[in-house]
Amino acid sequence: MHNAPNLILVGPMGAGKTSIGRRLAERLGLAFADADQAVVERTGATITTIFEHLGEAGFREREKAALRNLLAGSGQVLSTGGGAVLDGENRELMATRGFIVYLRVSVEAQLRRLGRDRTRPLLQRTDREQALRELAAVREPLYLAVADLVLDTEGMSPSAATGALARLLDTRWQRDGHAA
Ligand code: S3P
């Protein structure tokens with residue numbers, strides 16, 4: 001049994017981090033937080049606008065600050081953006097402050113789930129499949145390195161994946177409410 005104050009979801013765009021995270025938090029009676037949403041609220045601009053004006057580096061700085069701020073708290077299910085694992089300090093912080101679940105999904109399923117999404121700057125290209133494969137090549141080893149648990153969400157609805165995850169967590173994760 002792994003003791004940690006928060007439950008953290010990592011994985012690529014379209015893995016279901018936000019939809020599963022929200023449901024899981026409700027089921028476990030915990031608060032839900034979304035790192036992307038926190039960046040948008042703290043900056044007062046959409047992710048697209050942040051990328052446009054400050055570039056990816058500007059977004060990553062804000063993402064890092066939002067994670068630091070959120071992970072100072074306890075008792076949350078936190079969904080992170082697909083690139084949060086790129087930064088070594090983020091990985092270290094997440095490992096210290098949470099039980100990390102990697103929601104794994106194939107590029108094919110990502111393409112289906114993300115459809116014509118216009119809110120993800122890294123996908124605004126004609127060769128979306130290639131973009132997702134390039135991101136996966138770099139990030140998959142990082143997701144695996146930080147993960148305490150891997151859940152394949154391929155072919156699962158968000159509610160089925162939430163149920164499966166809740167059952168797994170029962171014997172794997174114990175919320176440690178004291179560490180702050
Ligand atoms: C990103 C994923 C997005 C968001 C931003 C960058 C990435 O979050 O943080 O567009 O680098 O993969 P989701 O994984 O929630 O879509």
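Numbering of ligands and ligand atoms starts at 1, following listing order. Every value quoted in this text rests on a predicted model; they were computed, and no experiment measured them.
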Note: A72 and R97 closest approach over all heavy atoms is O-NH2, 3.6 Å

Measuring from atom CZ of R68 to atom CG of L93, what distance do you get when rounded to the nearest 0.5 angstrom? 7.5 Å

Under 3.5 Å between some N or O of ligand 1 and some N or O of R60? yes

With heavy atoms only and a cut-off of under 4.0 Å, state how Q37 meets ligand 1: side chain, backbone, both or neither. neither

Atom CZ in F59, atom OG1 in T49: separation rounded to 0.5 Å? 12.0 Å

Tell me the closest heavy-atom pair linking T48 and R118, and the distance in Å. OG1-O, 4.1 Å

Just which atoms of ligand 1 are under 4.0 Å from any heavy atom in K17? 13 (P), 14 (O), 15 (O)

Is there any N or O on G82 that sits under 3.5 Å from an N or O of ligand 1? yes

Below 30° counts as parallel, above 60° as perpendicular, anything between as tilted: where do the rings of H2 and F99 land? perpendicular

Under 4.0 Å from one or more heavy atoms of G83, ligand 1 contributes atoms 7 (C), 11 (O), 12 (O)

Per-atom contacts of ligand 1 with L122, taking only distances under 4.0 Å to non-hydrogen atoms: 7 (C), 11 (O)

Below 4.0 Å from ligand 1: does a non-hydrogen atom of R139 turn up there or not? yes

Going by the order shown, which atoms of ligand 1 are within less than 4.0 Å of some heavy atom of R120? 16 (O)

Could you tell me, atom by atom, which parts of ligand 1 come under 4.0 Å of a heavy atom of P121? 10 (O)

State whether the shortest distance between N or O atoms of D36 and N or O atoms of ligand 1 falls below 3.5 angstrom. yes

